[in-house]
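Just below is one structure, and these are the notes that go with it.
Position 1 is the first residue of the sequence, and the numbers go up from there. The structure presented is a predicted model; accordingly, all values stated were derived computationally and were not measured.
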Amino acid sequence: MSESVTSGVRDVSVASAFAGMRSVAPVRFRAGCPDCRAHFELAAGALMLAIGASSRTTFYSFTCPDCGAAVRKPAGERIVELLTGGGVRTLRLHTP
């Protein structure tokens with residue numbers, strides 16, 4: 001007796017394959033303002049990540065929703081990983 005390789009496999013439509021999936025909640029990041037000391041959550045679209053050639057030129061930035069200050073903070077490897085994975089806009093800085 002020989003069985004077909006596709007034995008037991010049925011055709012699945014795209015709609016039925018994704019029927020059980022739920023929508024994913026947007027990623028929110030906790031942040032704080034060094035000027036007014038406020039703590040808040042920001043959507044990925046409110047942050048910007050700049051990746052430079054060194055740790056001094058790799059940072060993320062946002063505008064404080066409470067006081068309006070422009071905030072810039074250093075971003076180590078783990079922060080870069082979290083921000084890029086969460087959909088934050090990324091700018092790659094090139095050295096001349």
Side-chain angles (χ1 to χ4, degrees):
M1 274 173 71
S2 73
E3 257 184 59
S4 168
V5 175
T6 59
S7 166
V9 177
R10 59 188 172 122
D11 289 336
V12 178
S13 71
V14 173
S16 64
F18 291 100
M21 295 182 71
R22 296 184 214 163
S23 63
V24 177
V27 177
R28 310 267 313 158
F29 296 95
R30 284 189 226 156
C33 177
D35 289 354
C36 71
R37 303 276 185 219
H39 289 86
F40 38 81
E41 289 188 355
L42 297 170
L47 295 149
M48 196 273 301
L49 172 65
I51 300 176
S54 71
S55 60
R56 292 180 62 195
T57 57
T58 300
F59 61 90
Y60 64 100
S61 61
F62 58 90
T63 300
C64 175
D66 288 357
C67 72
V71 179
R72 178 176 161 166
K73 294 188 175 187
E77 287 181 37
R78 181 70 178 141
I79 298 294
V80 169
E81 183 180 319
L82 291 170
L83 294 177
T84 55
V88 172
R89 294 171 298 176
T90 303
L91 174 65
R92 297 208 179 262
L93 305 174
H94 296 282
T95 55

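- When all heavy atoms are compared, the tightest approach of Ala75 to Leu49 is CB-CD1, 4.0 Å.
- Under the 3.5 Å distance criterion, the side-chain polar atoms of Arg89 are matched with a main-chain donor or acceptor of Leu47.
- The main-chain N or O of Gly52 is found under 3.5 Å from a side-chain atom of Thr58 such that the two form a donor-acceptor pair.
- Linking Ile, Leu, Val, Met, Phe, Trp and Tyr residues whenever their side-chain heavy atoms come within less than 4.5 Å leaves Met48 and Tyr60 in two separate clusters.
- A single hydrophobic cluster is seen to contain both Ile51 and Val71, as judged by linkage of ILVMFWY side chains at heavy-atom distances under 4.5 Å, directly or through other members.
- The CG atom of Leu42 sits 9.0 Å away from the OG1 atom of Thr63 when rounded to the nearest 0.5 Å.
- When all heavy atoms of Val27 and Gly86 are compared, the pair lying nearest together is CB-O, 4.0 Å.
- Both Leu91 and Phe59 belong to a common hydrophobic cluster when Ile, Leu, Val, Met, Phe, Trp and Tyr are linked at side-chain heavy-atom distances under 4.5 angstrom.
- Pairing each heavy atom of Arg56 with each of Arg72, the nearest pair is O-NH2, 4.2 Å.
- Closest non-hydrogen pair, Asp35 versus Cys67, comes out as CB-SG, 4.4 Å.
- Side-chain contact check for Ile79 versus Pro74: every heavy-atom pair is 4.5 Å or farther apart.
- With values rounded to the nearest 0.5 angstrom, Ser55 atom OG is found 10.0 Å from Glu77 atom CD.
- Closest approach of Arg28 to Glu41, counting heavy atoms only: NH2-O, 3.2 Å.
- Hydrophobic clustering (ILVMFWY, side-chain heavy atoms < 4.5 Å, transitive): Phe62 and Phe29 are in one cluster.
- The minimum heavy-atom distance linking Gly32 with Lys73 is given by the pair O-NZ, 3.0 Å.
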